[in-house]
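Here's the structure we're looking at; comments come further down.
Per chain, numbering begins at 1; letters A, B, ... match sequence-line order.
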Number of protein chains: 2
Amino acid sequence: MTSLPSILGGLDPTSDRAVFRQIADQLREAIDRGRFKEGDKLPSEAELVEHYGVSRMTVRNSFSILQGEGLVHAEHGKGVFVRPRPPVRRLASDRFARRHREQGKSAFIVEADAASSQPKVDSLEVKEEKASQDISNRLGDSVRRVLARRRRYLLDGRPVEFATSYLPLDIARGTQIAEPNPGPGGIYARLEELGHQLDHFEEEIRARMPSPSEVKTLQLAAGVPVIHLIRTAFDTAGRAVEVCDTVMAADAYVLSYQLPAT
Amino acid sequence: MTSLPSILGGLDPTSDRAVFRQIADQLREAIDRGRFKEGDKLPSEAELVEHYGVSRMTVRNSFSILQGEGLVHAEHGKGVFVRPRPPVRRLASDRFARRHREQGKSAFIVEADAASSQPKVDSLEVKEEKASQDISNRLGDSVRRVLARRRRYLLDGRPVEFATSYLPLDIARGTQIAEPNPGPGGIYARLEELGHQLDHFEEEIRARMPSPSEVKTLQLAAGVPVIHLIRTAFDTAGRAVEVCDTVMAADAYVLSYQLPAT
DNA sequence: CAGTGGTCTAGACCACCGG
DNA sequence: CGGTGGTCTAGACCACTGA
C-alpha cells in the first residue's frame, strides 16, 4: 500500500475552486492515472479527513461528485470503490435480420450469444390496455387499444433492459403473440406468419437520467444514464405493426447502425 | 401563490426512507403532477426547512437528488427551478444523403434548418496529429498520423455538440479538407470530388455521464448525460475514409435510424 | 468488535441576485 | 439591502460489513 500523500496532493487555499471539488479532482486524476484501478477501494472518509484536514461532510461531497459522474460507487460498511466497467452488449444494425428469425432466435438471444453471456427474461406481463397518446400516434390514430408485452432482460444475472411491445389488437388478439411465450423467432416471426411481412424498422434514441422506478427495475448505480429507444416495425404494406419501447442501462450497451450515403 | 402545506405533504417518521429522500419524492411528485411547471421556482431552502422542520443540509440533500436526476437546476442568488426541456434536434437517418451535399449543405445545417434554429460553429481547429490507437484501428492499422478537424456546434447560442473528424493524411493533406472552411457540402462533398465516392456510414452510440471538460465545453447542467457517437465513413472501395468522434448534450438530441428487416 | 458509509443537526461565513 | 444558494465545520447516532 502506497501512502496517501504520495498519491494525493495537498489543497490550494488560494484557489477559487471549492475544497471538495479540489479533492474530487485529485481523486479523479488518481483514478484516470491508474493509481486506483477498477474495483479498487478508495481511501476511507476518515483517512481523507485526516489527509486533507477537512471535515467529513467535505470529503463526502467530493465522493458525491465522483458518484454523479459514475466513476465510483459506495458500499455501505465496506468502502468506496472505483466502478468497474461492465461488459457491454453491442447491438448490431442487422440484429433484426430475417435469417436470425428463421433460425428461431429472438434478437436478444442472438446478441447474447454473440457476447457469450447468460441471457434471461423475467417479469413477463402480457395484457390488453389503452394506448397512450404517443403509442397511438405511432401505430396509427385509429388504434385505441393495444396488446402490451412487458419483459425485463438480464445478462449474467444483471438486469440491463426493460421493454414493452405494443401491437394493434386486430393483429395480435387471439394469436400466439398474446401468449407469454411467442414461440421460436419471437413476435416478429409470428407477425410474418400472420401475413405481415416486415419491411423495415425505425428507431428513435434518446439518453437521459433514469427515473427512480427505472433505477429500481434496472438496479442502476448512481451516475448511470439510460438509453431510451423506441422502435416501430413496418410491414411491406407500410403499416406500423408494432412499437417497442425500451429502456436500457447505458453502461451495458453500444448501439451500432449503418447509414446509407445516397 | 398556493401555500406550501397544500402542495407538499408531511414526513412519515415511521418510514425507513430517509427524510431527504421523502422530501425529494414529494418535490418530484409535485413536479410530475404539474404543481410546479417548467421554469417555475421551487420553494426556497429556508421555506422547506421551516415546512418540514429539518435542518438546511437535509433540504439541500433533497435538491441534490433532483439535480442528479436532471429535474431541477439551482441558480445562485435566485433559487432552484424546474429545468425546462430544451428544444431537441432530431437527427434523421437520411441526414448524410447525397442530395443534401449536392445542395451545398452540411449535415448540421440541414438539421438546423429543419428545426428552424440558428446554427453556429466555433472553436474550429484543424491540425495534423498522431492517431490514437482507437482511431488507427478504425481507419486501418497502417494509418499512424491523421488530419484532425475539431469544431463545436451551437444552436441558438447554446453549445450542443463537440466533434472531431479524423482523416488519413494521404487523402486529406493539401486539399480543401485541410482548410478551416471545407467549402459547400462539407468534407463529404470534398471526399467525393477527390474520388472517394461514399458508400455508407457506420455509427456507434454510447451514453454516459460527461467528464468535467465535457461539462465545460458543452455547458452542461447537472444531470444531463452525453451521447457519444463514433461514425466511420466508407467509400465504395470499402476503405474507411473518415472517423468522426462526436459528443452531444443528450437533452438536445433525438437520433433516428432505419433498420432493414431482411 | 472496530471500521465503514448513511443520515442528520445547528450553526457559520460567503457570493450572488434583485430591488 | 434582504433573500437566495454555495461551502464548510464539528459534532451525533445509526446500519452495515467483516474478522
Side-chain angles (χ1 to χ4, degrees), chain A residues 1 4 10-27 36 39-68 71-83 212 215 219 221-223, chain B residues 1 4 10-27 36 39-68 71-83 212 215 219 221-223:
Chain A
M1 172 60 188
L4 270 196
L11 299 175
D12 175 3
T14 72
S15 167
D16 282 349
R17 195 149 176 86
V19 172
F20 75 94
R21 292 189 202 282
Q22 292 187 46
I23 296 176
D25 290 344
Q26 295 193 8
L27 290 170
F36 301 112
D40 280 3
K41 182 178 166 307
L42 294 185
S44 73
E45 295 178 353
E47 286 172 311
L48 291 172
V49 161
E50 175 164 22
H51 174 75
Y52 287 113
V54 297
S55 82
R56 190 173 159 223
M57 281 310 296
T58 302
V59 168
R60 283 183 62 76
N61 262 337
S62 314
F63 279 153
S64 126
I65 290 186
L66 300 179
Q67 285 197 49
L71 271 183
V72 307
H73 68 108
E75 295 183 32
H76 197 166
K78 298 209 269 186
V80 177
F81 300 85
V82 179
R83 207 156 66 77
V215 168
Q219 294 170 21
Chain B
M1 174 59 189
L4 270 196
L11 299 174
D12 176 3
T14 72
S15 167
D16 282 349
R17 194 150 178 84
V19 172
F20 75 92
R21 292 188 201 283
Q22 293 187 46
I23 297 177
D25 290 343
Q26 295 194 7
L27 291 170
F36 300 111
D40 280 3
K41 183 179 168 304
L42 293 185
S44 74
E45 294 177 354
E47 287 173 311
L48 291 172
V49 161
E50 176 165 20
H51 173 76
Y52 287 113
V54 297
S55 81
R56 190 173 160 223
M57 281 310 296
T58 303
V59 169
R60 283 182 61 78
N61 263 337
S62 315
F63 279 153
S64 122
I65 291 187
L66 300 180
Q67 285 197 48
L71 272 184
V72 307
H73 69 108
E75 294 183 32
H76 197 168
K78 297 210 270 186
V80 176
F81 301 83
V82 180
R83 208 156 66 79
V215 168
Q219 294 170 20

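An OP1 or OP2 oxygen of dG5(D) is reached within less than 4.0 angstrom by no side-chain nitrogen or oxygen of R60(B).
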>> Go through it in stages, so that I can follow the logic: the residues are L11(A) and V54(A), the test is side-chain contact (heavy atoms from CB on, under 4.5 Å), and I'd like the CA-CA distance, side-chain angles, deciding distance and then a yes or no.
In response: CA-CA 10 Å; L11(A) 299 175; V54(A) 297; 4.1 Å; yes
>> Before you tell me yes or no, could you show the steps for T58(B) and Y52(B) under side-chain contact (heavy atoms from CB on, under 4.5 Å), namely the whole-Å CA-CA distance, both residues' side-chain angles and the distance that decides it to 0.1 Å?
In response: CA-CA 10 Å; T58(B) 303; Y52(B) 287 113; over 6 Å; no
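If you measure from atom CG of N61(B) to atom C1' of dA10(C), you get 15 Å, rounded to the nearest angstrom. Here the C1' atom of nucleotide dC8(D) and the OH atom of Y52(A) are 16 Å apart, to the nearest Å. Between the CG atom of L48(A) and the C1' atom of dC8(D) there is a distance of 16 Å, rounded to whole Å. Distance F81(B) CZ to dG5(D) P: 8 Å, rounded to the nearest Å. Between the NE2 atom of H73(A) and the P atom of dT17(D) there is a distance of 14 Å, given to the nearest Å. Atoms NZ (K41(B)) and C1' (dG3(D)) sit 9 Å apart, rounded to a whole Å. Remark: P of dG5(D) and CD of Q67(B) are 11 Å apart, rounded to the nearest angstrom. The distance from atom CD of E50(B) to atom P of dG3(D) is 13 Å, rounded to the nearest whole Å.
Taken from CD1 in I65(A) to CZ in R21(A), the straight-line distance is 5.0 Å, to the nearest 0.5 Å. One distance of note links CG of D25(A) with CG of D12(A); it measures 11.5 Å at 0.5 Å rounding. Here the CG-CG distance, from L27(A) to L71(A), works out to 10.0 Å after rounding to the nearest 0.5 Å. Rounded to the nearest 0.5 angstrom, I23(A) CD1 and N61(A) CG are separated by 9.5 Å.
Within residues 17-26 of chain A, the residues that have a heavy atom under 4.0 Å from DNA chain D are, in order of number, A18(A), V19(A), F20(A), R21(A).
Checking dT9(D), dG5(C), dC8(C) against the side-chain heavy atoms of T58(A) singles out dT9(D) as nearest. In the set dG6(C), dG6(D), dA10(C), dA10(C) carries the atom at the smallest distance from any side-chain atom of S55(B).
The list of salt bridge (charged side-chain N to carboxylate O under 4.0 Å, His left out) pairs with a residue in residues 51-63 of chain A, not counting sequence neighbours, reads E45(A)-R56(A), E45(A)-R60(A).
Taking each heavy atom of S15(A) and Q22(A) in turn, the nearest pair found is CB-NE2, 3.7 Å. Contact between F20(A) and S62(A) at its shortest, heavy atoms only, is O-OG, 3.0 Å. A221(A) and R83(A) make their closest contact through CB-CD, 4.1 Å (heavy atoms, listed as atom of the first residue, atom of the second, distance).
Evaluation of the side chain to side chain contact (heavy atoms under 4.5 Å, CB included) rule for Q67(A) yields V72(A), A74(A), A222(A) as partners, not counting sequence neighbours. Evaluation of the side chain to side chain contact (heavy atoms under 4.5 Å, CB included) rule for Q219(A) yields R152(A), P159(A) as partners, not counting sequence neighbours.
Summary of helix geometry: the two end axes of the helix from dC1(C)-dG18(D) to dG18(C)-dC1(D), each defined by five base pairs via their C1' atoms, are inclined to each other by 10° (rounded to 10°).
Each of V54(A) and A74(B) lies near DNA chain D, and the nucleotide nearest A74(B) is the one positioned closer to the 5' end.
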>> Protein within reach of the bases, or only the backbone? For nucleotides 11-19 of chain C, mark each nucleotide 5' to 3' as B, S or -, using heavy atoms under 4.0 Å.
In response: -B--BBSS-
